[in-house]
Amino acid sequence: MFNWRDEFSCKISNFDNQHKKLFELGDHLHDLVSSQSDQDNYDEIMDTLYELKEYTVYHFKAEEALMEKHRYPKLLSHKIEHDLFIDEVNKLFKKDVDDDQVKVSMDILQFIANWIENHILKSDSLYGEFLNKQGVY
């Protein structure tokens, strides 16, 4: 479901690699849901969600530090988007995953897909252009 394509590139190799890791986590979650029958995947779903949150926090800090270093003019709005993402992930932890693993997992997958479409393809490409002009690739 989450296949990396060149159009997702923000043209900053380090961040593209980090985005690819986030895609892998989303794909793993998709595999858990699509292969599920009556199997209980609660622990794996929660582990993947936790890893998604931890890796995303790490990734956001790296992005924000580089944007700050180069005085990216849209840093504040970008940081707000990051904060909203983390808030949404935290809300996912509060859902009753154990009772409806497929539904909650599908909600998570939809959330990740929307994030890719609305943040990586739009906001991240803007900082990529800006940082490329600063000589950062």
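One is the number of the first residue; the rest follow in order along the sequence.
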Chi angles and distances behind the salt bridge (charged side-chain N to carboxylate O under 4.0 Å, His left out) call for Glu64, Lys61: CA-CA 5 Å; Glu64 292 167 10; Lys61 285 182 182 181; over 6 Å; no

Side chain to side chain contact (heavy atoms under 4.5 Å, CB included) between Leu109 and Phe2, intermediate numbers included: CA-CA 9 Å; Leu109 291 172; Phe2 294 97; 3.5 Å; yes

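Relative orientation of the Trp4 and Phe23 rings is perpendicular, given thresholds of 30° and 60° on the angle between their planes.
Contact check for Leu66 versus Phe15: side-chain heavy atoms found under the 4.5 Å cut-off. Under the 4.5 Å side-chain criterion, counting only non-hydrogen atoms from C-beta, Ile12 is not in contact with Glu63. The side-chain heavy atoms of Lys11 and Asp16, taken from C-beta on, include no pair separated by under 4.5 Å. In this structure, Asp124 and His19 have side chains that are in contact, with non-hydrogen atoms separated by less than 4.5 Å. Taking the side chain as every heavy atom from C-beta outward, Gln18 and Tyr55 approach each other to under 4.5 Å.
Following chains of ILVMFWY side-chain contacts shorter than 4.5 Å, one cannot reach Trp115 starting from Leu126, and the two form parts of different hydrophobic clusters. A chain of hydrophobic side-chain contacts below 4.5 Å, direct or via other Ile, Leu, Val, Met, Phe, Trp or Tyr residues, connects Leu121 to Ile112. Val57 and Leu84 fall into different hydrophobic clusters, where Ile, Leu, Val, Met, Phe, Trp and Tyr residues are linked whenever their side-chain heavy atoms come under 4.5 Å apart, directly or through other members.
For residues 65-77, there are no side chain to side chain donor-acceptor pair (under 3.5 Å) pairs, not counting sequence neighbours. Applying the ring-ring contact (aromatic ring centres under 6.0 Å, His included) test to residues at least two apart or on different chains, the pairs with a partner in residues 86-112 are Phe85-Phe111.
Minimum interatomic distance between Asn118 and Lys122 (heavy atoms only, all atoms of both residues): OD1-NZ, 3.5 Å. Annotation for His82 and Met67: closest pair CE1-CE, 4.4 Å, computed over non-hydrogen atoms. Listed here is the closest heavy atom pair of Asn41 and Leu32: ND2-O, 3.5 Å.
The structure places CE of Met106 at 9.5 Å from CG of Leu29, a figure rounded to the nearest 0.5 Å. One finds the CD atom of Glu81 at 10.5 Å from the CG atom of Leu76 (value rounded to the nearest 0.5 Å). With rounding to the nearest 0.5 angstrom, the NE2 atom of His78 is 8.5 Å from the CG atom of Leu75.
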Run the side-chain donor-acceptor check on residues 43-54: report pairs under 3.5 Å with partners two or more places apart or on a different chain.
unit_1 : atom_1 : unit_2 : atom_2 : d
Glu44  : OE2    : His28  : NE2    : 3.4
Thr48  : OG1    : Glu44  : O      : 2.8
Glu51  : OE2    : Lys21  : NZ     : 3.2
Lys53  : NZ     : Asn90  : OD1    : 2.9

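With hydrogens and angles left out, the side-chain atoms of His119 and Asn114 include no donor and acceptor closer than 3.5 Å.
Ring to ring, Phe130 and Tyr127 are not that close: their centroids are 6.0 angstrom or more apart.
Contact check on Asp107 versus Lys103 returns a salt bridge, with a Lys/Arg side-chain nitrogen under 4.0 Å from an Asp/Glu carboxylate oxygen.
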